[in-house]
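I have placed the structure first, in the form of structure tokens, so that the comments after it can refer back to it.
Throughout, numbering of the chain's residues begins at 1 and tracks the sequence.
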Amino acid sequence: MTAERDGAGGRAFEAPWGRAPAEPSVAGDETFQGGFNCRAPASAAGSGPIVCQSRINPVLPDFLFSLRWYLDPETGERVVTGISIRREGRAEPFQVIAGLEARTAPEIADGGFEIIDMDFDGYLDMRLIAGGTAGPNMLYRNWLWVADSGRFVESAMLDEIVTPEFDPETREIVSRWRSSAAEGGVDVYTWDDGVPVMIHREVDRFDGPARCTRTFFDRIDDEMRETGSGACS
């Protein structure tokens with residue numbers, strides 16, 4: 001893949017500082033955007049699950065996602081411990097995900113749960129904030145819908161990508177990260193046979209308050225190679 005470049009040899013991203021039975025195996029509508037809505041628990045103190053509803057694809061029924069959670073009395077964090085998933089109109093879940101211990105601040109909506117198409121196949125997938133790291137970095141637990149098995153399957157490799165954003169137009173994953181006060185960058189991934197593969201990286205390194213160098217890397221012959229550098233824009 002050939003990256004579009006600016007005058008310094010890069011793509012000129014902004015700096016990252018300054019979100020049962022198998023279903024019929026029907027090809028997803030890649031233009032399908034979908035969405036979800038959630039109902040907050042009855043009590044802010046920890047009574048009752050967070051329940052979210054979504055139709056992940058037009059050929060499937062609505063799914064109901066029930067998030068079990070508790071408030072950590074020491075940290076005040078909301079801790080999501082499991083997710084049960086059932087079809088609308090059914091009493092029993094067709095999939096249960098347990099042992100999560102995913103922590104977020106209580107003011108974060110829906111316990112950090114989202115339903116979006118992360119692999120651009122026309123089926124919505126789900127993710128849950130797992131926790132923050134240095135600076136603005138955010139880590140997620142990610143599950144992709146697999147139509148052949150009718151299940152959400154965790155993507156360990158996607159879990160490793162910091163603060164991923166998913167662009168359905170370019171079919172790319174953009175990760176804006178910061179490793180220290182003096183270094184941050186942007187990584188770009190595409191899907192290759194079900195695996196997110198980095199194709200482009202920009203690294204900003206600060207030397208003092210006014211001097212910044214941006215270095216560009218691109219995937220060439222299956223390895224990331226430095227392809228240019230210049231002043232940070």
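Residues that satisfy the ring pair (Phe, Tyr, Trp, His ring centres under 6.0 Å) test with F113, not counting sequence neighbours, are F65. By the side chain to side chain contact (heavy atoms under 4.5 Å, CB included) test, E88 is found to be paired with Q53, D62, residues two or more places apart in sequence or in another chain being considered. Annotation: salt bridge (Lys or Arg N to Asp or Glu O under 4.0 Å) contacts of E74 (sequence neighbours excluded): none. In terms of the salt bridge (Lys or Arg N to Asp or Glu O under 4.0 Å) criterion, D222 has no residue partners (sequence neighbours excluded). For E226, the salt bridge (Lys or Arg N to Asp or Glu O under 4.0 Å) test picks out no residue, with sequence neighbours left out. Not a single salt bridge (Lys or Arg N to Asp or Glu O under 4.0 Å) links D125 to another residue, sequence neighbours left out.
Grouping Ile, Leu, Val, Met, Phe, Trp and Tyr residues whose side-chain heavy atoms lie under 4.5 Å apart, directly or via other members, leaves L64 alone, with no other cluster members. Hydrophobic cluster of V153: the remaining members, joined at side-chain heavy-atom separations below 4.5 Å, are V146, listed by chain and number.
The hydrophobic clustering, which links ILVMFWY residues whose side-chain heavy atoms are closer than 4.5 Å, places L139 and M198 together. Grouping the Ile, Leu, Val, Met, Phe, Trp and Tyr side chains by contacts below 4.5 angstrom, directly or via other members, places V188 apart from V195. Residue W177 is grouped with residue M224 when hydrophobic side chains (ILVMFWY) are merged at heavy-atom distances under 4.5 angstrom, including chains of intermediate members.
When side chains are defined from C-beta on, I173 counts as touching L158, because their heavy atoms get closer than 4.5 Å. Between P164 and V174 there is no side-chain heavy-atom pair separated by less than 4.5 Å. Contact annotation: the side chain of V80 approaches that of L128 to within less than 4.5 Å [non-hydrogen atoms, C-beta and beyond]. I108 places none of its side-chain heavy atoms less than 4.5 Å from the side chain of P106. Residues F166 and Y189 are not in side-chain contact: their nearest non-hydrogen atoms beyond the backbone lie 4.5 Å or more apart. Side chains of M126 and E114 form no contact here, defined as non-hydrogen atoms less than 4.5 Å apart. Using a 4.5 Å heavy-atom cutoff, the side chains of R68 and L100 are not in contact.
For the pair L124 and R55, the tightest heavy-atom approach, listed with the atom from each and the gap, is CD1-O, 4.0 Å. The heavy-atom pair separating R103 from E77 by the smallest distance is NH1-OE1, 2.9 Å. In terms of heavy-atom proximity, W191 sits nearest to P196 at CZ3-CD, 3.4 Å.
Under the 3.5 Å distance criterion, the side-chain polar atoms of D159 are matched with a main-chain donor or acceptor of N142. Side-chain atoms of N57 never come within 3.5 Å of backbone atoms of L60 as a donor-acceptor pair (strictly under, hydrogens ignored). A distance-only check finds no donor-acceptor pair linking the side chain of H200 to the backbone of R219 [under 3.5 Å].
Enclosure of atom CZ in R225 by more than 12 non-hydrogen atoms of other residues, nucleotides or ligands within 6.0 angstrom is indicated.
Applying the disulfide (SG to SG under 2.5 Å) test to residues at least two apart or on different chains, the pairs with a partner in residues 195-233 are C212-C232. Counting only residues at least two apart or on different chains, no disulfide (SG to SG under 2.5 Å) pair has a member in residues 152-204. Pairs passing the disulfide (SG to SG under 2.5 Å) check and including a residue from residues 53-102, sequence neighbours excluded, do not occur. Within the structure, no pair that satisfies the disulfide (SG to SG under 2.5 Å) test touches residues 57-90, not counting sequence neighbours.
Relative orientation of the F94 and W145 rings is perpendicular, given thresholds of 30° and 60° on the angle between their planes.
Using a 4.0 Å cut-off between charged side-chain N and carboxylate O, R178 and E183 make no salt bridge. Between R176 and E165 there is a salt bridge, since at least one side-chain N of the basic residue sits less than 4.0 Å from a carboxylate O of the acidic one.
Under 3.5 Å, the side chains of D218 and T227 contain a donor-acceptor pair of N or O atoms. At a cut-off of 3.5 Å, with distance as the only test, no side-chain donor of R214 or S229 sits close to an acceptor on the other residue.
The cationic atom of R127 (NZ for Lys, CZ for Arg) lies less than 6.0 Å from the six-membered ring centre of Y140 and within 45° of the ring axis.
Here the options are D110, I97, I83, T81, the test is side-chain contact (heavy atoms from CB on, under 4.5 Å), and the partner is L67; only I83 passes.
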Would you sort out whether R211 and F206 count as a side chain to side chain contact (heavy atoms under 4.5 Å, CB included), showing the intermediate values? CA-CA 6 Å; R211 179 183 173 89; F206 290 86; over 6 Å; no
- How far apart are the C-alpha atoms of L71 and R78, what are their side-chain angles, what is the distance that settles it, and do they pass the side chain to side chain contact (heavy atoms under 4.5 Å, CB included) test? CA-CA 5 Å; L71 284 179; R78 188 196 302 273; 4.1 Å; yes
